[in-house]
Amino acid sequence: MKPFLLLATRAEDRPADEEYALFLRYTGLAPDDLVRIRLEAGPMPAIDLDAISGVFVGGGPFNASDPIEKKSAVQQRVEAEFAELLDRVVARDFPFLGACYGIGTVGAHLGATIDGTYREPISVVPVTLTDAGMDDPLLAGMPRTFEAFVGHKEAISALPPAAMLLASSPDCPVQMFRVGANVYATQFHPELDVDGITTRIHAYADHGYFAAGELQLTLDAVRRAPVTHPSRILRRFVERYAR
């Protein structure tokens with residue numbers, strides 16, 4: 001089998017390493033079959049799409065909607081690298097699944113409207129599939145509505161015609177979409193479990209995802225309902241695209 005790639009942008013080692021471990025667990029892949037590239041640590045190497053099965057993108061601290069003067073040199077480099085990669089991915093309709101930061105990268109590439117209108121605090125929310133989502137092969141067997149972990153400062157408020165809406169939540173209209181037949185992005189985190197999101201809550205406590213003094217409230221919020229279904233999307237992606 002050709003390996004999958006995980007493109008990561010987390011600078012903090014513990015949440016970065018835990019993210020990789022979670023992708024390994026829920027994809028069912030061995031380390032040799034899921035190659036991680038930490039883009040915050042250095043430039044994206046040349047990626048030969050013919051040598052891999054598919055691409056995953058994890059979450060991260062960058063916001064696509066930030067004004068250019070607020071973006072670090074690293075973020076600007078990473079965004080330029082993603083733009084070049086997505087030119088090829090979208091043109092070839094190559095298997096791609098971006099989670100959280102991944103939805104911003106694909107959305108920005110398509111010209112979607114991305115802003116803070118539909119930000120969601122770190123929490124568990126009900127995600128509901130559209131009719132197109134119910135018919136999508138990657139989501140086969142998923143219930144119409146399922147609980148998922150979220151936490152983001154920006155979101156897509158208007159999708160371009162090229163994208164197909166697959167899922168929404170009460171406070172965020174674009175939770176998942178598809179471009180072509182094989183390019184996917186989610187606003188929610190399909191890779192997370194309670195331990196994983198707890199690590200991130202502590203790691204990013206001073207990054208503006210919740211107010212000072214709300215740490216315990218946030219920890220309680222991610223335990224309000226069991227989250228069991230989203231990780232199935234990762235395993236299904238591998239089953240569908242491994243080659």
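Residues: numbered from 1 along the sequence shown.
Scanning both residues, S53 and A242, for their nearest heavy atoms gives OG-CA, 3.9 Å. The heavy-atom pair separating V125 from R224 by the smallest distance is CA-NH2, 3.9 Å. Counting all heavy atoms, side chain and backbone alike, P230 lies closest to F188 at CB-CE1, 4.0 Å. Nearest heavy-atom pair, F177 versus L110, reported as atom, atom and distance to 0.1 Å: CE1-CD1, 3.9 Å. Across Q75 and N63, no two heavy atoms sit closer than the pair NE2-O, 3.0 Å. Of all the heavy atoms in P143 and L129, the pair that sits closest is O-CD1, 3.7 Å.
Looking at heavy atoms from C-beta onward, F82 lies out of side-chain contact with V106 at the 4.5 angstrom threshold. Between V150 and V124, the closest side-chain pair of non-hydrogen atoms is not below 4.5 Å. Looking only at side-chain heavy atoms (C-beta outward), R14 and T199 come within less than 4.5 Å of each other. Side-chain atoms of E191 and S231, non-hydrogen and from C-beta on, never get closer than 4.5 Å to each other. By the 4.5 Å heavy-atom criterion applied to side chains, E18 and P15 are not counted as neighbours. Annotation: side chain of I103 is in contact with side chain of I156 (closest heavy-atom distance under 4.5 Å). Taking the side chain as every heavy atom from C-beta outward, Y20 and P31 approach each other to under 4.5 Å. Considering only heavy atoms from C-beta on, L192 comes within 4.5 Å of R200 through its side chain.
Side-chain N or O atoms of D66 include none that pairs as donor or acceptor with a backbone N or O of K71 at under 3.5 Å. Here the side chain of E19 pairs a donor or acceptor atom with the backbone of G59 at under 3.5 angstrom. Under the 3.5 Å distance criterion, the side-chain polar atoms of R236 are matched with a main-chain donor or acceptor of P137. Remark: side-chain polar atoms of N182 are not paired, donor with acceptor, to backbone N or O of F94 under 3.5 angstrom. In this structure, the side chain of R223 engages the main chain of L219 through a donor-acceptor pair within 3.5 Å.
Here OH of Y26 is found 13.0 Å from CD1 of I233. Values are rounded to the nearest 0.5 Å. Taken to the nearest 0.5 Å, the CZ atom of R232 stands 11.5 Å off from the CG atom of L138. The SG atom of C172 lies 5.0 Å from the CD atom of Q187; values are rounded to the nearest 0.5 Å. For the atom pair NE2 of H189 and CD1 of I197, the computed distance is 7.0 Å after rounding to the nearest 0.5 Å. Going from atom OG1 of T27 over to atom CZ of R235 covers 7.0 Å, rounded to the nearest 0.5 Å. To the nearest 0.5 Å, atom CG of residue D48 and atom CG of residue L5 are 10.0 Å apart.
Side-chain contact check for S157 and T113: no donor-acceptor pair (N or O, by modelled atom type) lies under 3.5 Å. Side chain to side chain, E154 and S65 meet the donor-acceptor criterion of an N or O pair below 3.5 Å.
By the criterion of side-chain heavy atoms lying less than 4.5 angstrom apart, applied directly or through intervening Ile, Leu, Val, Met, Phe, Trp or Tyr residues, Y101 is grouped together with I47 in one hydrophobic cluster. The hydrophobic clustering, which links ILVMFWY residues whose side-chain heavy atoms are closer than 4.5 Å, places M176 and F96 apart. Placement of L6 and L86 in two distinct hydrophobic clusters is found when ILVMFWY residues are connected by side-chain heavy-atom separations under 4.5 Å, directly or transitively. Under the 4.5 Å side-chain contact rule for hydrophobic residues, M164 and M142 share a cluster. Under the 4.5 Å side-chain heavy-atom criterion for Ile, Leu, Val, Met, Phe, Trp and Tyr, V57 and L166 are members of distinct hydrophobic clusters.
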Give the intermediate values and the outcome of side-chain contact (heavy atoms from CB on, under 4.5 Å) for residues Y118 and V174.
CA-CA 9 Å; Y118 297 110; V174 181; over 6 Å; no

Criterion side-chain hydrogen bond (donor to acceptor under 3.5 Å, both in side chains) on R119 and Y209, from CA distance to verdict
CA-CA 10 Å; R119 63 185 295 165; Y209 290 100; over 6 Å; no

Can you check side-chain contact (heavy atoms from CB on, under 4.5 Å) on L234 and R25, steps first, answer last?
CA-CA 10 Å; L234 301 182; R25 179 186 308 163; over 6 Å; no

Would you check, one step at a time, whether the test side-chain contact (heavy atoms from CB on, under 4.5 Å) holds for R10 with L39?
CA-CA 8 Å; R10 300 184 185 280; L39 298 177; over 6 Å; no

How far apart are the C-alpha atoms of V55 and F4, what are their side-chain angles, what is the distance that settles it, and do they pass the side-chain contact (heavy atoms from CB on, under 4.5 Å) test?
CA-CA 6 Å; V55 177; F4 289 81; over 6 Å; no

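A salt bridge links D13 with R38: the closest approach of a Lys/Arg side-chain nitrogen to an acidic carboxylate oxygen falls below 4.0 angstrom.
Applying the side chain to side chain donor-acceptor pair (under 3.5 Å) rule to pairs touching residues 168-179 yields E120-S169, E120-Q175, D136-R178, S169-Q175, sequence neighbours excluded. Counting only residues at least two apart or on different chains, the ring pair (Phe, Tyr, Trp, His ring centres under 6.0 Å) pairs with a member in residues 214-243 are F56-F237, F237-Y241.
Counted within 6.0 Å of CG on D32, heavy atoms from surrounding residues, nucleotides or ligands total 12 or fewer; the atom is thus considered open.
With D50 as reference, R92 is the one residue of R92, K2, R88 to meet the salt bridge (charged side-chain N to carboxylate O under 4.0 Å, His left out) rule.
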